[in-house]
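Here the structure comes first, spelled out in structure tokens, and everything after it is commentary.
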Amino acid sequence: MRRPFARVLARPLVLAAVAMAIPLASAAPAASDGVVVGGFPVDVSTTPWTVALSSRDRFGGIRSGQFCGGVVVGPSTVLTAAHCMGEEVVGSPRATDLKVVAGRTDLYSDAGLEIPVGEVWVNPAYDASTNSGDFAVLKLTEALSQSSVIGMAAAGDPAYEPGTEAVVYGWGDTVGIGSYARSLRAARIHVLPDSHCEVAYPGPVDGTYRAQTMMCAGEVEGGRDACQGDSGGPLVARGRLIGLVSWGSGCGRAGSPGVYTRVSEILRALRWESGSRDPRTTA
């Protein structure tokens, strides 16, 4: 099972000291021309809501200290995976240099902005044993422009319909064996029926798929997928955010689609938690 730090995604990029403490599960290579397995290069200017999470204290200076992805849903609000904020990833107490890197296609460059994270709110309903409810909200100390914000698809949006083409973005492993992207990449995949992931992940050994909080996406034949280091990054369809990279088994394997946190459930949970009509004001 892709549990955090194997292609569960906790697909965080695990570097240096953390890598020694948390073993990565082995994964068979998948046909690929880049991340996100089976992906293609993109410039962040075309997807300004896609950001990298960074901690140089935890992950070193290489690749700007990137370890997970995130998505801008409000000028000062970023969504990511809850497991990216776990103690085994960002330490306890949490790394003090946690930042969001925006507007940087090449992680080896100094383009764009590095904005400190002021507050972190992890979904209290997140279940680390199943990855249900796998999301967290980060509040930035400096606002980004409104043009960096992507809209979130509510329940019933046609973007969730099986067969819809979607795109997943990230700087993660490009082949499933620890080869991490220097520059932002994307992969075109499809929203799949829940039944595909229910068959692939009946639990408990291979993970348990829960349609209420999760969604299924990838390619039936494999080959295009998210991977380690892409956790928390966006899955976009019809111009709207529908999922966050969460977990799965291997990278790009036939019969093992990616599992994403369902954004309509995030909207529901945040409204319930905050009593607000606008979840971007939460946390």
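Values below: all heavy atoms of this structure, side chains included; hydrogens, waters and symmetry mates excluded.
Two residues are said to be in side-chain contact when any heavy atoms from C-beta on lie closer than 4.5 Å; N131 and T208 fail this criterion. For the pair V167 and I189, the minimum side-chain heavy-atom distance is 4.5 Å or more. Between L98 and M85, the closest side-chain pair of non-hydrogen atoms falls below 4.5 Å. Taking 4.5 Å as the limit, some side-chain heavy atom of V149 sits within range of a side-chain heavy atom of P75.
With sequence neighbours excluded, the residues satisfying side chain to side chain donor-acceptor pair (under 3.5 Å) with H190 are E219. For S147, the side chain to side chain donor-acceptor pair (under 3.5 Å) criterion is met by S145, not counting sequence neighbours. Partners of D157 under the side chain to side chain donor-acceptor pair (under 3.5 Å) rule, at least two apart in sequence or in another chain, are R240.
With hydrogens and angles ignored, the 3.5 Å screen pairs a side-chain donor or acceptor of T46 with a backbone N or O of D43. D230 places a side-chain N or O within 3.5 Å of a backbone atom of G172 that can act as its donor or acceptor partner. Without hydrogens or angle criteria, Y201 side chain to V259 main chain gives no donor-acceptor distance under 3.5 Å. Proximity of a side-chain donor or acceptor of R63 to a complementary backbone N or O of W171 within less than 3.5 Å is detected. Side-chain atoms of R224 come within 3.5 Å of backbone atoms of R188 as a donor-acceptor pair (strictly under, hydrogens ignored). Of the possible polar contacts, none joining the N123 side chain to the A136 backbone as a donor-acceptor pair under 3.5 Å is found. Using modelled atom types, one side-chain atom of T164 and one backbone atom of E161 make a donor-acceptor pair closer than 3.5 Å. Proximity of a side-chain donor or acceptor of E88 to a complementary backbone N or O of V90 within less than 3.5 Å is not detected.
Of all non-hydrogen atoms in R56 and D97, the two that sit nearest each other are N-OD2, 2.9 Å. Nearest heavy-atom pair across R185 and P41 is NH2-CD, 3.5 Å. Between D225 and G252 the shortest heavy-atom distance is OD2-N, 2.9 Å. Residue S55 comes nearest to A95 through the heavy atom pair OG-CB, 3.5 Å, listed as atom of the first residue, atom of the second, then distance. Nearest heavy atom pair, residue L267 against residue A154, reads CD1-CA, 3.8 Å.
Both V245 and Y160 sit in one connected hydrophobic cluster of ILVMFWY residues. Membership requires side-chain heavy atoms under 4.5 Å apart, directly or through other members. Residue M152 is grouped with residue F135 when hydrophobic side chains (ILVMFWY) are merged at heavy-atom distances under 4.5 angstrom, including chains of intermediate members. In the hydrophobic cluster analysis, where Ile, Leu, Val, Met, Phe, Trp and Tyr join through side-chain heavy atoms closer than 4.5 angstrom, V199 is grouped apart from M215. V42 and V101 fall into different hydrophobic clusters, defined by Ile, Leu, Val, Met, Phe, Trp and Tyr side-chain heavy atoms under 4.5 Å apart, directly or through other members. I242 and L192 end up in different hydrophobic clusters when Ile, Leu, Val, Met, Phe, Trp and Tyr side chains are linked at under 4.5 Å.
Distance check, rounded to the nearest 0.5 Å: CE of M214 to OH of Y209 gives 8.0 Å. Atoms OG1 and OH, on T213 and Y126 in that order, are 11.0 Å from each other to the nearest 0.5 Å. From L244, atom CG reaches atom NE2 of H83 across 10.0 Å, with rounding to the nearest 0.5 Å. Separation of atoms CD (Q66) and CD1 (I62) is listed at 12.5 Å; rounding is to 0.5 Å. Note that the CZ atom of R262 and the SG atom of C216 stand 9.5 Å from one another [nearest 0.5 Å]. For the atom pair T80 OG1 and L53 CG, the distance stands at 4.5 Å (nearest 0.5 Å).
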The test is salt bridge (charged side-chain N to carboxylate O under 4.0 Å, His left out); show your working for R104 and E114 and say whether it passes.
CA-CA 9 Å; R104 182 173 299 172; E114 295 190 13; 2.7 Å; yes
Run the numbers on S183 and T105 for side-chain hydrogen bond (donor to acceptor under 3.5 Å, both in side chains), then give the verdict.
CA-CA 5 Å; S183 293; T105 300; over 6 Å; no
Kindly determine whether V236 and I150 satisfy side chain to side chain contact (heavy atoms under 4.5 Å, CB included), including the steps that lead there.
CA-CA 9 Å; V236 176; I150 189 171; 3.7 Å; yes
Full working for side chain to side chain contact (heavy atoms under 4.5 Å, CB included) between K139 and W121
CA-CA 8 Å; K139 296 299 288 185; W121 183 89; over 6 Å; no
Checking side chain to side chain contact (heavy atoms under 4.5 Å, CB included) for the pair L107/R182: CA distance, chi angles, key distance, verdict?
CA-CA 6 Å; L107 293 176; R182 169 174 176 155; 5.6 Å; no
Would L184 and T47 satisfy side chain to side chain contact (heavy atoms under 4.5 Å, CB included), going step by step from the backbone distance to the final call?
CA-CA 10 Å; L184 181 63; T47 175; 3.7 Å; yes
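In summary, of the residues considered (T77, L79, V100, V51), a side chain to side chain contact (heavy atoms under 4.5 Å, CB included) with L138 occurs for V100 alone. Evaluated for a side chain to side chain contact (heavy atoms under 4.5 Å, CB included) with L140, the options L113, V72, V78 yield exactly one hit, V78.
Between R94 and D57 there is no salt bridge, since no side-chain N of the basic residue sits under 4.0 Å from a carboxylate O of the acidic one.
For Y260 and D134, the side-chain atoms include no donor-acceptor pair closer than 3.5 Å. For the residue pair S54 and S64, no side-chain donor N or O sits within less than 3.5 Å of a side-chain acceptor on the partner.
Under the 30°/60° scheme for interplanar angles, the aromatic rings of Y169 and W49 are found to stand perpendicular.
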